[in-house]
Amino acid sequence: MSHLLRKPNKKEIEKGVIVVHEVTSENSPLEYVGFKVIDLDPNAKYSELLGNQECCIVALTGKINVSVGDENFKNLGTRESVFEKIPTDSVYVSNQRHFEVEGVTKARVALCYSPSERQLPTKWIKAENVGIEHRGILNNKRFVHNILPDSDPSANSLLVVEVFTESGNWSSYPPHKHDRDNLPNESLLEETYYHEMDPPQGFVFQRVYTDDRSLDETMTVENGDVVIVPKGYHPVGVPDGYTSYYLNVMAGPKRIWKFYNDPDHEWILKR
Ligand SMILES: O=C(O)C[C@@H](O)[C@H](O)C(=O)CO
């Protein structure tokens, strides 16, 4: 199995708190992006004191309460399934702050991390304020919920988006990369993908590859898997009959999403 593919690995760290994924600089090739998925039973609590990292807490499914210091955000979350295809609530938490997430219902929560030295205000990113963007033509159509895009100055280095790709379409396509600190042509952003499939027995193909093919991994990605993109192009293909969801976390030395398309495939944009 590719070293870039992570299957769910559930660990109950305390009653009702299950860590499903944990991607860190210690267990991955990533230096900027960290990522966790946790499942919470009703009334179960997960808490953390951040060091020099910021965190975006995404209520993937179910309802949660979030407290950050003496700020409390109640009943966050808008959906029982990501495939309701409606935006959800998130909370941005800056470095050196303590946060707690409590399950109101059974809930799945994504914790998205990146470096942060300059403490910023805690922010409830309300579902109704999440920008929706339709991209692509023909069989390259997908739509995006911009949870924490680079146009939002609320974070120091973190970028968070979620992407829906329907049956028979491709996304993160034409293949693009952002692995060089070379603005204005390209920015350097590491990336993680947290994937879900509808129906759940589905799969997508994701390729991660570099121009010189020193990295060239093509993965069969299933429901609940994580793909790590330290560098390179990273297209996703969705088989007929299935809908793909993924949550992207990106971070790097500069908080700008400037990607570079693979010249071999850029022609598809000109159809
Ligand atoms: O536009 C898409 O198809 C989604 C991708 O841009 C995805 O968010 C990504 O690869 C970001 O670099």
Side-chain angles (χ1 to χ4, degrees), residues 4-5 23 29-33 35 56 58 60 82 85 87-88 90 110 112 114 125 130-152 155 157-197 204-211 215 217-219 221 225-239 242-262 265-266 268-269 271:
L4 300 180
L5 179 63
V23 177
L30 303 181
E31 294 174 31
Y32 292 91
V33 168
F35 183 65
C56 184
V58 181
L60 287 171
V82 298
K85 300 178 191 171
T88 189
S90 302
C112 314
S114 66
I125 304 169
V130 172
I132 299 174
E133 190 185 342
H134 290 269
R135 295 177 185 160
I137 56 172
L138 301 171
N139 293 108
N140 183 207
K141 289 194 284 294
R142 66 279 191 202
F143 71 93
V144 180
H145 292 163
N146 285 303
I147 296 169
L148 199 51
D150 59 2
S151 56
D152 178 343
S157 63
L158 193 56
L159 298 166
V160 182
V161 300
E162 57 185 11
V163 182
F164 298 84
T165 311
E166 299 292 354
S167 165
N169 279 265
W170 289 72
S171 59
S172 303
Y173 188 80
H176 69 239
K177 71 180 183 70
H178 32 72
D179 59 13
R180 283 186 305 158
D181 190 359
N182 182 32
L183 289 172
N185 306 308
E186 184 177 350
S187 59
L188 193 165
L189 295 172
E190 298 173 341
E191 188 164 13
T192 57
Y193 281 67
Y194 164 70
H195 288 266
E196 291 198 14
M197 294 302 305
V204 296
F205 293 125
Q206 184 161 22
R207 183 185 180 193
V208 179
Y209 68 99
T210 53
D211 287 314
L215 174 65
E217 304 273 344
T218 299
M219 294 158 268
V221 184
D225 289 356
V226 165
V227 171
I228 294 164
V229 185
K231 59 182 177 179
Y233 304 100
H234 39 276
V236 174
V238 184
Y242 290 89
T243 302
S244 151
Y245 166 90
Y246 49 78
L247 178 77
N248 288 134
V249 182
M250 290 180 273
K254 299 183 180 75
R255 191 167 176 263
I256 296 172
W257 182 49
K258 182 71 176 93
F259 57 83
Y260 173 80
N261 288 321
D262 184 338
H265 306 288
E266 202 164 29
I268 73 141
L269 296 175
R271 295 172 296 170

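Counting starts at 1 for both ligands and their atoms, in listed order.
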Starting from atom 11 (C) of ligand 1, find the nearest protein heavy-atom neighbour and note its residue, name and distance. Glu191 OE2, 3.1 Å

Is there a heavy atom of Tyr193 sitting under 4.0 angstrom from any atom of ligand 1? yes

Within reach of ligand 1, part of Val236 (heavy-atom separation under 4.0 Å): neither

Could you check whether Phe259 and His178 have their ring centres less than 6.0 Å apart? no

At under 4.0 Å between heavy atoms, which part of Phe259 makes contact with ligand 1: side chain, backbone, both or neither? neither

If I apply the N/O under 3.5 Å rule, does Ser171 come out as touching ligand 1? no

Contact summary for Pro29 and Glu190, nearest pair of heavy atoms: O-OE2, 4.2 Å

Nearest-neighbour protein heavy atom for atom 5 (C) of ligand 1, which is reported as residue plus atom name and distance: Ser172 OG, 3.5 Å

Ring centres under 6.0 Å, that's the criterion: do His265 and His176 meet it? no

Any N or O of Asn248 closer than 3.5 Å to N or O of ligand 1: yes

re atom 12 (O) of ligand 1, the protein heavy-atom contact at minimum distance is His178 NE2, 2.8 Å

Considering only the protein, which heavy-atom contact is closest to atom 4 (C) of ligand 1, and what is its distance? Arg135 NH1, 3.6 Å

On the 0 to 90° scale, with breaks at 30° and 60°, tag the Tyr194-Tyr245 ring pair as parallel, tilted or perpendicular. perpendicular

